[in-house]
Amino acid sequence: MVEGGRIVSVGRFGSAPREPVEDLGDGVLLPALVNAHTHLELSHLGHLRTLGEQGFVTWIEAVVAARGTPPEEIRARASGAIAGLLASGTAAVGDTSNTLAHLDLLDACGLEASVFLEVLGWDPAQADEILGWADRRLTESKGHQTRVRLAAHGPHSVSPRLFEGLRARGGPASVHLAESVAETRFLASGDGEWPGFLARRGLAGIGFEPPARSPVQYLDSLGVLAPGLLAVHCVQTTADDWDLLARRGVRVVLCPRSNRNLGLGLPPVTGLLAAGARLCLGTDSLGSAESLNVLDDAALLHRAFPDLDPALLVGMATAAGAEALGRSDLGTLEPGKRAVLAFAAAAPGLRDPLGFLLSGEAMTVGVRP
């Protein structure tokens, strides 16, 4: 039962002490979904998804080249993506942005949005200028309802000096971490595909001594791993990394469809869980994933790791994401939580609701009693 937008009781059909009762029909009622990582301003890049077959660095270069897209097209596609999130029963989103050009759209849409202003810069000489720009953008964002925090792109694209500046400002709140072999090789030995990318960006002369560590261990040496940090991807990780992420209280955001589509493999879910890491789900952008529905990512993990508890996977798409984004009043069906719900219609006689949600056939819609 719901009163004043809050759940006050949960029980079997017919047990509600007062009317009226809204009958949604056969199906599964669940907490609204939470997408803990995406890039709404890249929603116009769906045509790049198949470039993953040509390699991750090729895809990255295509994303960079697309920065010349007209702003009106970017905003229109971001608006459509927001509408799609709401229609699919998503209540909250962690949106990484380089421009903050769509904050007004998020203010007006009804989503619980946590926006991460992403900084990147490999040249340490430019760190102060970049941080000054970020400070100004944060100040400007305070006129919006949507909260903005600072994020870092990744350990292979942000200089140690820039990370130091982010730490001095209480961040970063989010970072792409251990996503690709290119990143891992660059930090381990300074070779692979990434130096060529930097050279083509005019950054070949930047002095950098490879730390000969994994991306996770490198960021820990810089003091970046901290409780509540959202570490996105974590595909190229080892048992030592899993333990470190768990001990530091980092929230790991998995984006398995994006990783698969870009030829990066799947995250080591069972190892991360065994180490005690806290996992939730994101989709990444429409430039690498077919939809912004995290239940589609949960379904992929269910197929890839059939021994995992289905309740755990659905929880990664709901409660775990809500906790990661600081939205603890969402994510579960229990008294006191906000009644922001999703519903997946099903044929009569459904006996395995969790299996249905993870089948890839469930179509969730938003429900606000």
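Residue numbers start at 1 and run along the sequence shown.
Annotation: the span from Met363 atom CE to Asn293 atom CG amounts to 8.0 Å, rounded to 0.5 Å. For the atom pair CG of Leu85 and SG of Cys109, the computed distance is 8.5 Å after rounding to the nearest 0.5 Å.
Side-chain atoms of Arg257 do not come within 3.5 Å of backbone N or O of Ser288 as any donor-acceptor pair. Judged by distance alone, the side chain of Asp95 and the main-chain N or O of Leu40 form a donor-acceptor pair under 3.5 Å. At distances below 3.5 Å, not a single donor-acceptor pair connects side-chain atoms of Asp284 with backbone N or O atoms of Ser258. Using a distance-only test at 3.5 Å, with no hydrogens or angles considered, a donor-acceptor pair links the side chain of Ser221 to the main chain of Tyr218. Looking at Thr90, its side chain never comes within 3.5 Å of a backbone N or O of Leu86 through a donor-acceptor pair. In this structure a side-chain-to-backbone donor-acceptor pair under 3.5 Å is present from Arg49 to Leu286. Put simply, the side chain of Thr364 gets close to the backbone of Ser88: a donor and an acceptor are under 3.5 Å apart.
Using a cutoff of 4.0 Å between basic side-chain nitrogens and carboxylate oxygens, Asp329 and Lys337 are not scored as salt-bridged. For Glu72 and Arg77, the salt-bridge test fails: no basic side-chain N is under 4.0 Å from an acidic carboxylate O. The pair Glu61-Arg201 fails the salt-bridge criterion, with no side-chain N (NZ, NE, NH1 or NH2) lying under 4.0 Å from an Asp/Glu carboxylate O.
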- Checking side-chain contact (heavy atoms from CB on, under 4.5 Å) for the pair Val232/Val175: CA distance, chi angles, key distance, verdict? CA-CA 6 Å; Val232 183; Val175 62; over 6 Å; no

- Could you go step by step and tell me if Glu118 and Arg149 meet the salt bridge (Lys or Arg N to Asp or Glu O under 4.0 Å) rule? CA-CA 9 Å; Glu118 182 179 77; Arg149 290 181 287 169; over 6 Å; no

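Here the closest heavy-atom approach between residue Leu325 and residue Val93 is recorded as CD1-C, 3.6 Å. Between Ala324 and Cys280 the shortest heavy-atom distance is CB-SG, 3.8 Å. Scanning both residues, Arg327 and Ala92, for their nearest heavy atoms gives CG-CB, 4.4 Å. Val115 and Leu100 get closest at one heavy-atom pair: CG1-CD2, 3.7 Å. Scanning all heavy atoms of the two residues, the minimum distance from Ala36 to Leu230 falls at O-CD1, 4.2 Å. Looking at every heavy atom in both residues, Asn35 comes nearest to Gly282 through OD1-CA, 3.3 Å.
Aromatic ring centres of His156 and His153 lie closer together than 6.0 Å. Side-chain rings of Trp122 and Phe186 approach one another, their centers coming within less than 6.0 Å.
Crowding of Glu164 atom CD: a count of heavy atoms from other residues, nucleotides or ligands under 6.0 Å not exceeding 12. Summarising the local packing, CZ of Arg167 is surrounded by 12 or fewer heavy atoms from other residues, nucleotides or ligands at distances under 6.0 Å. Applying the 6.0 Å contact sphere to CD of Glu73 captures more than 12 heavy atoms from other residues, nucleotides or ligands. The number of heavy-atom neighbours closer than 6.0 Å to CZ of Arg200, taken from other residues, nucleotides and ligands shown, is above 12. Counted within 6.0 Å of CZ on Arg169, heavy atoms from surrounding residues, nucleotides or ligands total more than 12; the atom is thus considered enclosed.
Under the 3.5 Å distance criterion, with hydrogens and angles disregarded, a donor-acceptor pair is assigned to the side chains of Glu41 and Thr99. Remark: the Asp240 side chain and the Gln217 side chain contain no N/O donor-acceptor pair separated by less than 3.5 Å.
Counting only heavy atoms from C-beta outward, the side chains of Leu45 and His47 approach each other to under 4.5 Å. Between Thr184 and Ser214 there is no side-chain heavy-atom pair separated by less than 4.5 Å.
Between His176 and His39, the angle of the ring planes stays under 30°, which puts this pair in the parallel group of the 30/60° scheme.
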